[in-house]
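Working notes for the structure below.
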Amino acid sequence: MVTDLDIRVLDDAHFRAASALFRGTLHYAPPTDEAWETVRTTYHAGQALGAFAEGELVGTVQAFPSALTVPGGAVVRMSAVSRVGVRADWTRRGVLTAMQRAQLRAMRDAGDVAATLRASESVIYGRFGYGVATRYREIRVKRVETRVRVPIAGRVRLVDGETALPLCRGLFDRLTPGRAGSIARWTGWWTSNVQRALKEDNLKFAVASGPDGDDGYAIYKVTPGSWETGNEKPTVLAVQDLWAATPRAWADLWAFLLGVDLVGEVLAEGRPLDEPVEWLVTDRRAVRTVDESDETWLRLLDVEAALAARTYRAGEPVVIGVRDRFLPENDGAYRITAQGASRTSDEPDFVVDVDVLAAAYLGDVTFGALAMTGRFEEASGDAVARADALFAAAQTPWCGTFF
Ligand SMILES: CC(C)(COP(=O)(O)OP(=O)(O)OC[C@H]1O[C@@H](n2cnc3c(N)ncnc32)[C@H](O)[C@@H]1OP(=O)(O)O)[C@@H](O)C(=O)NCCC(=O)NCCS
C-alpha cells in the first residue's frame with residue numbers, strides 16, 4: 001500500500017496530464033495537440049480527481065454530471081464515472097481504492113443518488129459496491145438474406161451532419177429516454193462520441209418522422225467492403241445510436257437501415273436484449289446475437305433515496321438489510337411495499353451487500369438468481385420471492401449510452 005498518497009480535485013493545470021495518464025493505462029498515446037483541443041472541452045473543474053505519490057500524478061478518475069431513469073420513470077441525480085486509470089508502475093498498491101473512497105464520498109455528499117460506469121474488466125468494481133444492472137447485445141444482420149416484413153409507414157430522411165447533431169441531441173433529450181436504465185447525456189458525451197467522429201468516420205444521420213413530427217433517429221457509419229475475387233468482404237453498416245419514441249419510428253428506422261443498397265451486413269452494438277429485430281424480418285436466422293455483455297455498473301450512493309425513487313409491482317412487503325463498506329450511512333434495513341420504500345427498524349428478511357442490491361435494483365436480475373449463486377444468504381420462507389415480485393421489471397432495463 002502507498003502510505004503518502006494524496007487524492008486531490010484536479011484543476012485546469014492537470015487536465016492534459018490526467019488525460020495522457022488515463023490514455024496510457026489503456027495503451028494509447030497521449031492526445032495530440034489537435035485532439036486535445038476537443039478533449040479539453042470535456043474536462044471541467046471539480047469533476048476529475050488525481051492521486052499523487054512522490055509528487056507525481058499516478059492515478060485519475062472522472063465523473064460527468066448525468067441522471068438515471070429508474071423503474072416507474074422517475075429520474076435521479078447520477079454521476080457517470082469514467083477515465084479511471086492508475087499508472088502501470090503504481091498498480092495493486094491501493095491507488096484506485098483510495099480514489100474510489102474519495103470519489104464515492106464526494107459524489108454522495110454532492111447529492112448524487114447513484115453513480116454508473118462501464119468496466120474494462122469485470123473483476124474491478126464489485127468490491128466498491130458497483131453491481132451489473134443492465135446488459136446489452138450486439139447483433140449482426142445478413143442483409144442480403146432477409147427482407148423487412150413491413151414497409152416504412154412514416155418518413156425517414158437523411159440529414160446533413162452539422163444540422164443533424166443538434167437535431168438528434170434535441171430528439172434524444174425530448175423524446176427518447178424513459179426506459180429504466182437510460183441516462184442523460186452531457187455536452188462532452190456528444191463532443192467525444194459524435195462530433196469528433198463526424199468528419200473522421202463519415203457518420204450518417206437518419207431521422208424518422210410521423211404524424212406528430214420527428215420521433216426517432218439513427219446514427220450509422222458504412223465501411224465499404226471489397227468485391228475483389230478471393231478477397232471478398234461485405235460492406236458493413238454499423239448502427240451507432242438508434243432511439244425511437246414510438247414503435248412505428250423504431251420499425252421505420254430499422255426498415256431504412258436494412259434497405260440501404262450494397263450493404264452486406266448490418267451490425268448494431270450495445271442494443272437492448274429485448275429489441276425484436278428478429279421479428280421484423282422474413283428470415284429470423286439472418287439476425288444473429290454475436291455478443292452479450294454487462295453494460296451498466298450501478299452504484300447506489302444514497303440507498304434510501306434510490307429505493308424511494310422507484311416504483312414497485314404488486315406483492316407482499318419485504319424487509320431488506322443492506323451492508324456498505326464505503327458509505328456506512330447506507331447500512332440498515334429498508335421496508336419495500338407495493339406503495340414504496342423507506343428505512344425501518346424492523347429485522348431484515350435477508351441482508352445483501354450494496355453491489356447485490358444495485359444488480360437487482362433496475363430489475364435485470366432477480367434476488368432469486370443472486371441467492372442461488374451464493375451472493376447472499378437466502379432467508380427461510382418466501383422473502384426472496386416476495387422481493388422479486390416487487391422489484392420485477394416491466395421492461396428490460398437498458399442504458400444505450402456508452403461512455
Ligand atoms: C483497474 C485499475 C485502475 C486498478 O487500479 P489499482 O490501483 O491497481 O487498484 P487497487 O490497488 O486499489 O486494487 C484494489 C483491489 O482490486 C483488485 N484489482 C484491481 N484491478 C484489478 C484488475 N484489473 N484485475 C484483478 N484485480 C484487480 C486488486 O488486486 C485489489 O484487490 P485486494 O483489495 O483484494 O488486494 C488499474 O489496474 C488500471 O489502470 N488498469 C488499466 C486501465 C483500466 O482498465 N481502467 C479501468 C477503466 S474502467
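Note that the numbering runs from 1 along the sequence shown for the chain. We count ligands from 1, going down the list as the structure has it; atoms in each ligand are counted the same way. The basis for the numbers below is simple: all heavy atoms, side chains too, and nothing from hydrogens, waters or symmetry mates.
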Phe172-Trp189 aromatic ring centre distance below 6.0 Å: no
Taking salt bridge (charged side-chain N to carboxylate O under 4.0 Å, His left out) as the test, write out the residues that go with Asp382, two or more places apart.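 Testing Asp382 for salt bridge (charged side-chain N to carboxylate O under 4.0 Å, His left out), a comparison that skips the adjacent residues, returns Arg386.
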key: Donor-acceptor pair between Trp398 and Glu275 side chains, under 3.5 angstrom   =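 No, no side-chain donor-acceptor contact under 3.5 Å.
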Just to verify, what does Tyr130 make a ring pair (Phe, Tyr, Trp, His ring centres under 6.0 Å) with, not counting sequence neighbours?
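Here the qualifying residues are Tyr125.
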Discussion item. Suppose the criterion is side chain to side chain donor-acceptor pair (under 3.5 Å): which pairs have a residue in residues 156-181, not counting sequence neighbours?
Written reply: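 Applying side chain to side chain donor-acceptor pair (under 3.5 Å) to every pair that reaches into residues 156-181, excluding sequence neighbours, yields Arg157-Asp214, Arg169-Thr187, Arg179-Asp274.
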Which class fits the ring pair Tyr217 and Trp190: parallel under 30°, tilted 30 to 60°, perpendicular over 60°?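 Correct class here is tilted.
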Heavy atoms under 4.0 Å from ligand 1: which residues qualify?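 The answer is Thr25, Leu26, Val84, Gly85, Val86, Thr91, Arg92, Arg93, Gly94, Val95, Leu96, Thr97, Arg118, Ser120, Glu121, Val123, Ile124, Tyr125, Arg127, counting any residue whose heavy atom sits under 4.0 Å from ligand 1.
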